[in-house]
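Below is one structure. I have some questions about it.
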Number of protein chains: 2
Amino acid sequence: MIPGGRSTGDDGTAPGRPGPGQDQNGHVATTKKKTQVSASPERRRELLGTAAEVFAAHGYNATTVRRIADEAGMLAGSLYYHFDSKESILDEILSAFLDELWAGYDAVLAAGFGPRETIEALVTESFREIDRHRAAVAIYQKESRHLSAQPRFRYLADSQQKFEKAWLGTLERGVASGAFRDDLDVRLTYRFVRDTVWVAASWYRPGGRHSPEEIARQYLSMVLDGIAVRD
Amino acid sequence: MIPGGRSTGDDGTAPGRPGPGQDQNGHVATTKKKTQVSASPERRRELLGTAAEVFAAHGYNATTVRRIADEAGMLAGSLYYHFDSKESILDEILSAFLDELWAGYDAVLAAGFGPRETIEALVTESFREIDRHRAAVAIYQKESRHLSAQPRFRYLADSQQKFEKAWLGTLERGVASGAFRDDLDVRLTYRFVRDTVWVAASWYRPGGRHSPEEIARQYLSMVLDGIAVRD
DNA sequence: TAACCTACCAAACACTTGTTAGGGAACCGA
DNA sequence: TCGGTTCCCTAACAAGTGTTTGGTAGGTTA
């Protein structure tokens, strides 16, 4: 996950650039390479956005640096003025997404809701996150599995663990309190709910017929009450 | 493993090779390249199996031909005795899976079940397919989106369309007959059911605690009746 | 005007990629 | 024994890969 939920970071406020050796991720940069810190973070975000789109559409490995540069209207080498590697572009995309995700999740988890309300809030928050970081979520889904093995992306595995703890814990609380059925395998239920929510990123398109909240409402209705008619 | 590893050799029965120009998919081989038809289809299947595993684990693009060959105990060039390209390996994996999938689906759809029973049968059949073709399903999920744009893999798009027709039709039938709720967006429900089932391939491991049938039972219970306790 | 910084280009580098061509060992039926 | 087939190896190829180096137009500051 991401360390202390650095959450907001430094958007807008003091232009104080992060000290050397400090990454937006908090994982210390043991690397000797001086990270190229662009003076205009806007251009950076712009490039990250187009890179994320291309990554999401064609997959990380199938995406060439030249393709990203092309989409951004520049040449491949020029990208290295802003980033020091293709991998660090991916890194920034994913960690920015996870930072924001956990900011939202932590707020929900700290609110002291009951199990059912917590699940509802988590699902809703998730769809909002999909709405905002569609590309990043798609990338995460495709690549996180084999990325998390890599030391640089260990925070993906950490995040997933924290994720499981939050959801599984809530579900177990719900079973104990009588809100959720006790005749189901909780781990299976967890994966069921988790997948149902996040796979939506593969077909969701912002600005579509349904708002994130509306989708969340219907998804919750299905997950909680089922699609069959009650007799 | 290593060279001599011819291992089992050919404990095969009839070496009857399929007629030329005929693909297991039915899509005519318009290609001019003479497809290398190995005399022992078992070795072929063996190689397809290991290739599928590597593809599933690391993604198609991230997988090098040398890696596949290595895993199979031979050198990269040797693969081209059995297949004429990396792409056609992928092609065979996917189409073999889809062939078997549709054999099962068509049987279910032709059985004349009611909507609810049809859904139950389709879900169960799907988990059986995941059990048998775990790797192929994982590959399909990761790559089908951008592959279906390619002419060679058009059958992926065709399959998906047929897929949607079958599931969506059954759901609509169920709503009309009063078996399923009518206050939900049917398309959303379709994607919901479809995704929940197939994403399971990403975590499912054959030989685990639950049999495909048991997983199907629990999934169906959740999808149909929900995870909340009824009052 | 001079010095400097930002954001890019142009051209190359080293390496990996999928693929091919030729050869050879083991086994087969005749 | 011989020719043929099967299955793999050796060695290379061309194209594409991420990345680096040096340069430079344009703006800002002094």
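To find a chain, count down the sequence lines: A is the first, B the second, and so on, and within it residues start at 1.
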A:R43 side chain N/O closer than 4.0 Å to the phosphate oxygens (OP1, OP2) of C:dC8?
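Yes, because at least one side-chain N or O of A:R43 sits under 4.0 Å from OP1 or OP2 of C:dC8.
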Among all residues two or more places apart in sequence or in another chain, which pass the ring pair (Phe, Tyr, Trp, His ring centres under 6.0 Å) test with A:F55?
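Counting only residues at least two positions away or on another chain, A:F55 forms a ring pair (Phe, Tyr, Trp, His ring centres under 6.0 Å) with A:Y60.
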To the nearest angstrom, the CG-P distance between A:D84 and C:dA7 comes to 16 Å
Roughly how many Å is it from CZ in B:F83 to P in D:dC8, rounded to a whole number?
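Going from B:F83 (CZ) to D:dC8 (P), I get 11 Å.
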B:R154: partners by side-chain contact (heavy atoms from CB on, under 4.5 Å), with sequence neighbours left out
B:D158
Sequence neighbours left out, what passes side-chain contact (heavy atoms from CB on, under 4.5 Å) with A:A121? Give chain and number order.
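By the side-chain contact (heavy atoms from CB on, under 4.5 Å) rule, A:A121 matches A:V108, A:F113.
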Is A:Y81 close enough to C:dC8 that one of its side-chain N or O atoms is under 4.0 Å from OP1 or OP2 there?
no
Is any side-chain N or O of B:H82 closer than 4.0 Å to OP1 or OP2 of D:dT6?
no
Tabulate below the donor-acceptor pairs under 3.5 Å that side-chain atoms of residues 207-214 of chain B make, not counting sequence neighbours, or state none.
| from | atom 1 | to | atom 2 | distance (Å) |
| --- | --- | --- | --- | --- |
| B:H210 | NE2 | A:D185 | OD2 | 2.9 |
| B:S211 | OG | B:E214 | N | 3.1 |
| B:E213 | OE2 | B:R128 | NE | 2.7 |
| B:E214 | OE1 | B:R217 | NE | 3.3 |
| B:E214 | OE2 | B:R217 | NH2 | 3.3 |
| B:E214 | OE2 | B:Q218 | NE2 | 3.2 |

Review item, side-chain donor-acceptor pairs of residues 191-202 of chain A, under 3.5 Å, at least two apart:
| from | atom 1 | to | atom 2 | distance (Å) |
| --- | --- | --- | --- | --- |
| A:D195 | OD2 | B:W203 | NE1 | 3.3 |
| A:T196 | OG1 | A:F192 | O | 2.1 |
| A:S202 | OG | A:V199 | O | 2.7 |

Please tabulate, one pair per line, each protein N/O and nucleotide N/O from nucleotides 16-18 of chain D that are separated by under 3.5 Å, including the distance.
| from | atom 1 | to | atom 2 | distance (Å) |
| --- | --- | --- | --- | --- |
| D:dG18 | OP1 | A:T63 | O | 3.3 |
| D:dG18 | OP1 | A:K86 | NZ | 3.0 |
| D:dG18 | OP2 | A:V65 | N | 2.9 |
| D:dG18 | N7 | A:R66 | NH2 | 2.8 |
| D:dG18 | O6 | A:R66 | NH2 | 2.9 |

Which heavy atom of A:E92 sits nearest a heavy atom of A:L48, and at what distance?
OE1-CD1, 3.3 Å
Any residue meeting ring pair (Phe, Tyr, Trp, His ring centres under 6.0 Å) with A:F97, in chain and number order, not counting sequence neighbours:
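Listed in chain order: A:H133.
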By side-chain contact (heavy atoms from CB on, under 4.5 Å), which residues pair with B:Q161, not counting sequence neighbours?
none
Can you pull out the residues from residues 70-79 of chain A that lie within a 4.0 Å heavy-atom distance of DNA chain C?
A:G73, A:M74, A:L75, A:S78
